[in-house]
Novice: 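One structure, as structure tokens, below. Some questions next.
Owing to the predicted nature of the structure, the values given are computational and were not obtained by experimental measurement. Each chain gets a letter, A, B and so on, in the order the sequences are listed, and its residues count up from 1.
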Amino acid sequence: MPELPEVEVTRLGFASRIEGATIMASAWGKPLRWPLGCDPQVLVGCQITHVGRRGKYLLIHMDRGLLLVHLGMSGSLRFADVLPAPGPHDHFTLHTSRGHLRLHDPRRFGAVVFADGLDDDIARKLLGKLGVEPLSEDFTSPAFVARMRELRAPIKQALLAGEVVVGVGNIYACEALFLAGIRPTTPARAVGPRRLARLHAVIRAVLTQAVAAGGSTLRDFSGPDGNAGHFQTQASVYGREGQPCVQCGKSVRRLLQGQRSTYYCAVCQAR
DNA sequence: ATTCTCACCTGCGGGC
DNA sequence: TGCCCGCAGGTGAGAA
């Protein structure tokens with residue numbers, strides 16, 4: 001599920017409410033993608049100071065160390081004063097003095113990992129190669145164009161790789177390429193600079209709109225208050241194979257790139 | 001170094 | 001009704 005907008009919607013929904021809370025206990029279900037990396041007792045008594053985000057990782061900073069939370073494909077976080085007893089897919093609950101934070105993740109591709117700090121080994125391993133934040137000032141058009149022009153990979157896969165810009169997953173990569181009029185299979189370096197500049201602008205715009213719409217809910221995702229996102233209803237191509245292109249009316253196509261579905265319009269994205 | 005494939009895990013919808 | 005297949009928002013590991 002969660003690409004940058006969904007993670008950001010999650011963060012915005014509970015960050016200010018949990019900051020300042022003291023952790024009382026944690027509860028665990030089935031194993032997630034990676035082990036916590038410390039004794040769960042280490043968390044008890046820690047005070048949460050700030051909730052940030054890097055790419056698709058939530059960073060729960062504490063007075064001692066931080067938690068890196070990833071939602072994988074099917075994860076969602078819920079934060080509430082009162083939560084029901086954990087269900088079979090609730091694999092982590094953080095009980096704090098300000099409420100209870102719970103990770104629901106049927107597929108368990110998500111993770112909760114403890115790190116001493118952002119420069120410790122595990123944090124660097126997970127965050128070290130990530131590209132620029134697309135909603136930050138550092139995401140500039142000239143730098144983006146220059147970096148993309150170095151890459152042989154098909155442009156969609158260059159976006160998904162996250163080494164140039166983070167947070168753009170399968171939905172938003174398809175949408176951004178459609179809005180920029182770029183064929184997803186074109187090698188990044190073969191896309192003209194003006195189209196790349198357009199892509200830069202459109203990535204910002206589409207992610208911003210998606211955050212405003214509460215993210216996309218295909219099946220699992222909900223924000224920390226339990227509300228579904230509705231950006232998926234605004235999608236131009238994603239999930240619309242065989243349906244008419246919103247611009248030209250021709251049938252939206254689907255193809256596979258690196259085992260992932262790509263949706264595009266062969267007319268509007270001619271090259 | 002790159003680039004590609006596999007693997008992780010569960011659930012759902014479609015076709016037979 | 002029920003089974004089997006394909007598909008799903010991510011990404012690290014290992015092979016080629």
Novice: Measure the distance from CG on L218(A) to C1' on dG6(C) and round it to the nearest whole Å.
Specialist: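 Checked: the CG to C1' distance equals 16 Å.
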Novice: Looking at the side chain of K56(A), which of dA8(C), dG9(C), dT11(C) is the nearest nucleotide?
Specialist: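 Nearest nucleotide to the side chain: dT11(C).
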Novice: Give me the ring orientation class for F139(A) and F144(A): parallel if the planes are under 30° apart, tilted from 30 to 60°, perpendicular past 60°.
Specialist: perpendicular
Novice: Any donor-acceptor pair, under 3.5 Å, between the side chain of R108(A) and the base of dC9(B), if you only look at N and O atoms?
Specialist: no
Novice: Which whole-number value in Å describes the distance from Q157(A) CD to dC4(B) P?
Specialist: 6 Å
Novice: Classify the side chain of R152(A) and the base of dT3(B) as holding, or not holding, a donor-acceptor pair under 3.5 Å.
Specialist: no
Novice: Check this for me, if you would: do E163(A) and R147(A) make a salt bridge, where the nitrogen-to-carboxylate-oxygen distance has to be below 4.0 angstrom?
Specialist: no
Novice: Side chain of K30(A) only, heavy atoms from C-beta on: which candidate in dG10(C), dT10(B), dA8(C) is closest?
Specialist: dT10(B)
Novice: Please state whether the rings of F92(A) and W28(A) are parallel, tilted or perpendicular, taking 30° and 60° as the class boundaries.
Specialist: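 F92(A) vs W28(A) ring planes: tilted.
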Novice: So which nucleotide does dG15(B) pair with, by the Watson-Crick or G-U wobble rule with both distances under 3.5 Å?
Specialist: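 Pair assignment: dG15(B) / dC3(C).
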Novice: Any donor-acceptor pair under 3.5 Å between the side chain of R260(A) and the base of dA8(C)?
Specialist: no
Novice: From the options dG10(C), dA8(C), dG12(C), select the nucleotide whose nearest atom is closest to the side chain of P2(A).
Specialist: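 Ranking dG10(C), dA8(C), dG12(C) by closest atom to the P2(A) side chain puts dG10(C) first.
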Novice: Any idea which of dC12(B), dG10(C), dC7(C) is nearest the R219(A) side chain?
Specialist: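 Side chain of R219(A) sits closest to dC12(B).
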Novice: Within this structure, what is the CD-to-C1' distance between E8(A) and dG9(C), rounded to whole angstrom?
Specialist: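 Distance check: E8(A) CD to dG9(C) C1' gives 17 Å.
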Novice: Closest to the R33(A) side chain: dA8(C), dT11(C), dG11(B)?
Specialist: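 Minimum distance to the R33(A) side chain belongs to dT11(C).
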Novice: Could you check whether the rings of F231(A) and Y172(A) sit parallel, tilted or perpendicular, using 30° and 60° as the cut-offs?
Specialist: tilted
Novice: Take atom CG of L256(A) and atom P of dC6(B), then tell me their distance rounded to the nearest Å.
Specialist: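 Going from L256(A) (CG) to dC6(B) (P), I get 12 Å.
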Novice: What I want to find out is whether E3(A) reaches K56(A) closely enough, with some N-O distance under 4.0 Å, to be called a salt bridge.
Specialist: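 Salt bridge: no.
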Novice: If the cut-off is 4.0 Å, is H89(A) near the phosphate of dC9(B), judged by side-chain N/O to OP1 or OP2?
Specialist: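 Result: no.
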Novice: If you look at every strand shown and take non-hydrogen atoms under 4.0 Å, does F231(A) touch a base, only sugar-phosphate, or nothing?
Specialist: nothing
Novice: Over how many whole Å does the gap from F221(A) atom CZ to dG10(C) atom P extend?
Specialist: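 Result: 13 Å.
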Novice: Over how many whole Å does the gap from D90(A) atom CG to dT10(B) atom P extend?
Specialist: 14 Å
Novice: Starting at the 5' end of DNA chain C, which residue's closest nucleotide do you reach first, W34(A) or Q259(A)?
Specialist: Q259(A)
Novice: Can you check whether F109(A) stacks with the dT11(C) base, using ring centres under 5.5 Å and planes within 30°?
Specialist: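 Taking the rule of under 5.5 Å and under 30°, the ring of F109(A) does not stack on dT11(C).
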Novice: Send over the distance from H104(A) NE2 to dC9(B) P, rounded to a whole Å.
Specialist: 17 Å
Novice: D105(A) has an atom CG; how far is it from atom P of dC8(B), in whole Å?
Specialist: 16 Å
Novice: If we ignore angles and hydrogens, is there a donor and acceptor under 3.5 Å between the side chains of Y264(A) and T185(A)?
Specialist: no
Novice: In whole Å, measure the gap between the P atoms of dT11(C) and dC12(B) for me.
Specialist: 24 Å
Novice: Is the distance from OP1 or OP2 of dG9(C) to the nearest side-chain N or O of T217(A) less than 4.0 Å?
Specialist: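 False: T217(A) side-chain N/O out of range (4.0 Å or more) of dG9(C) OP1/OP2.
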Novice: Ignoring backbone atoms, test whether R254(A) places a side-chain nitrogen or oxygen under 4.0 Å from the OP1 or OP2 oxygen of dC7(C).
Specialist: yes
Novice: On the nucleotide dG9(C), are OP1 or OP2 found under 4.0 Å from the side-chain N or O atoms that Y238(A) carries?
Specialist: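 Yes.
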Novice: Ignoring backbone atoms, test whether Y263(A) places a side-chain nitrogen or oxygen under 4.0 Å from the OP1 or OP2 oxygen of dA8(C).
Specialist: yes
